[in-house]
Amino acid sequence: MSPEEICSALQETFGAAITEAALEGAHPHAVVRADKWPEVARFLRDDPAMGFDLLRCISSVDLQDESKLACVYDLLALSSVSATETMSARHQFAVRVCTERDDPHIPTVADVWPAADWHEREAYDMMGIVFDNHPDLRRILCPDDWEGYPLRKDYVFPVSYHGIPGTTEHELTNPRH
Amino acid sequence: MAETSAGAMSFIDAPVQGDVATEEMLVNMGPQHPSTHGVLRLVLRTDGEMVQEAIPHIGFLHRCAEKIGENVAPYQWIPYSDRMDYLAGMNNNQGYSVAIEKLAGLEVPERAQYIRVMFAELNRIASHLVAVGCFGLDMGAWSPLLYCFREREMILDMFEATCGARLTYSYITPGGVTNDLPDGFVERCSEFLDYFEPKIDDYNNLLSYNHIYVKRLADVGVISAEDAIAFGLTGPNLRGSGVKFDLRKALPYDVYERMEFDIPVGEPGGQGRIPRGVVLGDCWNRYFLRLAEIEQSVRIVRQCLRDLPPAGDDGVCHKKNRTVKLPADEVYVEVENPRGQLGFYVRGDGSAVPARVKTRGPAFCHLCIMNHMTKDCLLADVPAILGSIDIVLGEVDR
């Protein structure tokens with residue numbers, strides 16, 4: 001299926017939960033309302049016409065201008081599970097889920113695709129998005145007592161961490177970024 | 001199994017095996033452990049010899065690669081991609097380059113595309129040689145590692161002659177490759193392949209069919225095809241479970257669509273080259289698949305050498321690609337790394353520096369299944385399982 005067909009099938013089934021169809025550009029995707037996302041995810045995985053069995057990546061994005069945070073879910077449908085024939089990529093699609101920057105909550109899809117478990121933990125660690133009902137939501141790359149979310153655009157680098165020197169005062173007052 | 005409580009007599013009431021009572025124990029494996037292939041800490045909840053839970057703790061090698069990516073131009077970030085999966089620098093360079101080319105609409109000269117495919121495959125051979133050799137080492141076989149490294153050294157020598165580096169190449173760059181091949185490279189590479197191809201039999205004789213080795217790996221750490229897909233496993237780990245999926249065939253990039261090669265896939269034991277006792281998706285299958293992939297990579301490199309077109313007017317890379325502006329768009333591209341599908345999500349904002357760079361490291365996803373795989377396995381099998389999924393911590397932590 002082409003991205004257009006997938007998107008119109010989603011709009012037909014979920015109506016207003018699909019708030020935008022961003023089909024132009026190099027990365028066609030649909031924008032899904034956060035509260036409806038697990039339902040849409042299940043549909044994408046289980047519907048025979050969809051069959052998105054492989055969650056490839058969850059990329060968290062800071063949309064500072066719109067005062068929003070977003071997660072981009074890249075999905076791939078394999079043709080069939082069989083050892084005898086070479087499988088092709090049946091189709092690929094992406095979904096964007098946005099949430100408010102000052103209170104970011106997105107329901108988890110770790111129960112739909114177990115692969116989402118660590119990707120969501122990373123998005124929580126780096127961007128501070130809280131994934132509701134996640135089985136084990138804690139920091140993954142940074143230490144547990146790290147402060148702030150490093151990949152946010154307004155992140156301030158710490159001057160020190162447990163006595164280990166970090167950013168200097170000079171760099172704080174003259175940011176390169 | 002047993003609850004321990006205070007009091008000298010309590011152990012009498014505890015369930016016993018022979019005359020040894022077992023109790024739950026937390027064992028720290030790593031961060032400084034030779035079998036963890038880098039700086040990884042596994043907390044094992046054990047009951048006697050059985051492992052009930054293995055919780056990986058990662059992040060020791062986190063170097064903020066993605067944050068740096070938001071502050072430098074794409075060609076400046078290529079050296080950082082080298083340092084993620086440091087055993088497959090060429091493939092990482094290629095992944096980010098392909099993503100940037102798709103986003104900015106850059107053309108790659110045909111000769112450069114052939115060189116990229118050739119170097120990606122040579123790097124795949126080098127990377128799989130480390131995987132195979134180190135896996136033998138994990139299982140207590142010293143000498144195969146030395147043979148693997150002997151051949152890998154020759155590949156690194158060829159890389160050094162081409163780009164000056166032996167590990168962190170920064171050779172493949174958005175829009176092509178940094179410089180053309182050195183004089184006599186085609187002959188040198190053909191000579192190497194003629195020398196190297198028969199050596200694969202040596203590895204098989206030394207390691208693959210060694211009785212002790214097969215006993216250690218057969219029917220250990222079995223992953224079903226459904227689990228492999230659900231947990232997002234890719235590359236040799238996915239194919240080891242019998243799923244014949246390879247991005248080089250399914251969604252080809254550069255000139256892979258012109259190459260003829262087979263996709264090796266895991267098989268149950270007792271047929272063809274597979275010893276008896278081996279099960280689809282076990283450690284032995286994942287190990288052997290890497291050797292089978294080396295054979296296919298040799299085929300691809302030979303085709304590249306044969307078909308390599310002469311340099312056109314553009315050479316191997318446009319100079320203007322260094323100053324390319326990224327449009328306000330986004331892109332997600334995956335390439336087939338030696339370890340699996342390496343993905344890059346890049347978001348441009350009209351300037352020369354991307355607004356967001358996200359890396360999907362295959363080893364990151366593979367480590368995610370570790371706890372699922374080690375449920376109720378023997379403590380001694382943990383290094384076997386960990387070695388068979390072939391992680392590189394530089395890429396897990398980025």
Side-chain angles (χ1 to χ4, degrees), chain A residues 22 24-27 29 45 53-65 70 72-74 76 78-90 92 94 96 112-119 121-123 125-126 136 139-144 146 150-153 155 157 176-177, chain B residues 55-59 62 64 66-67 70-71 102-103 105 225-227 229-234 238-239 241-247 249-251 262-263 265-267 280 327-334 341 343-347 355-360 364-365 367-369 372 396-398:
Chain A
E24 294 87 40
H27 189 244
H29 60 272
R45 187 194 64 177
D53 37 14
L54 191 67
L55 174 74
R56 306 157 96 182
C57 186
I58 301 178
S59 319
S60 54
V61 186
D62 186 356
L63 305 169
Q64 201 180 12
D65 303 340
V72 180
Y73 300 75
D74 273 281
L76 184 71
L78 306 182
S79 54
S80 63
V81 181
S82 147
T84 48
E85 55 184 293
T86 308
M87 293 170 67
S88 55
R90 209 170 125 204
Q92 41 183 334
R96 184 148 61 106
V112 184
W113 296 286
D117 185 343
W118 277 28
H119 286 300
R121 275 180 67 189
E122 191 186 327
D125 188 0
M126 292 290 143
D136 183 24
R139 286 190 181 267
I140 186 163
L141 294 173
C142 293
D144 289 337
W146 196 261
L151 281 183
R152 288 206 188 178
K153 291 289 181 193
Y155 177 67
F157 290 86
R176 284 180 298 156
H177 320 304
Chain B
I55 304 294
H57 291 259
I58 62 169
H62 182 56
C64 322
E66 293 175 4
K67 188 78 177 173
E70 295 174 9
N71 291 292
K102 190 173 174 198
L103 182 61
E226 290 74 22
D227 274 355
I229 294 172
F231 277 91
L233 264 55
T234 48
L238 177 67
R239 295 191 282 274
S241 296
V243 183
K244 204 168 184 176
F245 182 77
D246 190 318
L247 273 186
K249 286 265 193 218
L251 299 165
D262 301 325
I263 305 173
V265 68
E267 284 169 57
L280 185 66
D329 195 2
E330 55 184 46
V331 78
Y332 181 75
V333 168
E334 278 184 350
Q341 295 170 14
F344 287 99
Y345 171 87
V346 186
R347 193 181 163 84
R356 175 80 167 100
V357 178
K358 156 83 190 170
T359 315
R360 176 226 196 259
F364 178 82
C365 303
L367 204 51
C368 179
I369 201 176
H372 182 73
V396 174
D397 296 341
R398 285 157 285 141

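Chain letters run A, B, ... following the sequence lines, proteins first and then strands; every chain starts at 1.
Interface remark: of the candidates Y155(A), W113(A), W118(A), W118(A) forms the most heavy-atom pairs closer than 4.5 Å to chain B. Contact tally against chain A (heavy-atom pairs below 4.5 Å) for H57(B), R398(B), E267(B), R239(B): the top residue is R398(B). Contact count against chain A (heavy-atom pairs under 4.5 Å) is highest for D329(B) among V396(B), D329(B), V333(B), T359(B). Among A230(B), A250(B), G59(B), the residue with the largest count of heavy-atom pairs under 4.5 Å with chain A is A230(B).
What you find for G232(B) and A115(A) is that their closest heavy atoms are N-CB, 3.7 Å. Contact between I58(A) and K358(B) at its shortest, heavy atoms only, is O-CE, 3.4 Å. Taking all atoms of both residues into account, the shortest heavy-atom contact from L251(B) to Q92(A) is CD2-NE2, 3.6 Å.
In this structure, chain A has heavy atoms under 4.5 Å from both the backbone and the side chain of L367(B). For H29(A), the part sitting under 4.5 Å from any heavy atom of chain B is the side chain, from C-beta outward, and nothing else. For V72(A), the part lying under 4.5 angstrom from a heavy atom of chain B is the side chain only.
Residue D125(A) holds its CG atom at 7.0 Å from NE2 of H62(B), rounded to the nearest 0.5 Å. One finds the CD atom of Q341(B) at 7.0 Å from the CG atom of L76(A) (value rounded to the nearest 0.5 Å).
Of the options E330(B), R347(B), K102(B), a side-chain contact (heavy atoms from CB on, under 4.5 Å) to H27(A) is made by E330(B) and by none of the others.
Counting only distance, with no hydrogens or angles, the side chain of R356(B) and the backbone of L63(A) share no donor-acceptor pair below 3.5 Å.
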### Task
For K67(B) and M126(A), run side chain to side chain contact (heavy atoms under 4.5 Å, CB included): C-alpha distance rounded to whole Å, both residues' side-chain angles, the deciding distance at 0.1 Å, then the answer.
CA-CA 10 Å; K67(B) 188 78 177 173; M126(A) 292 290 143; over 6 Å; no

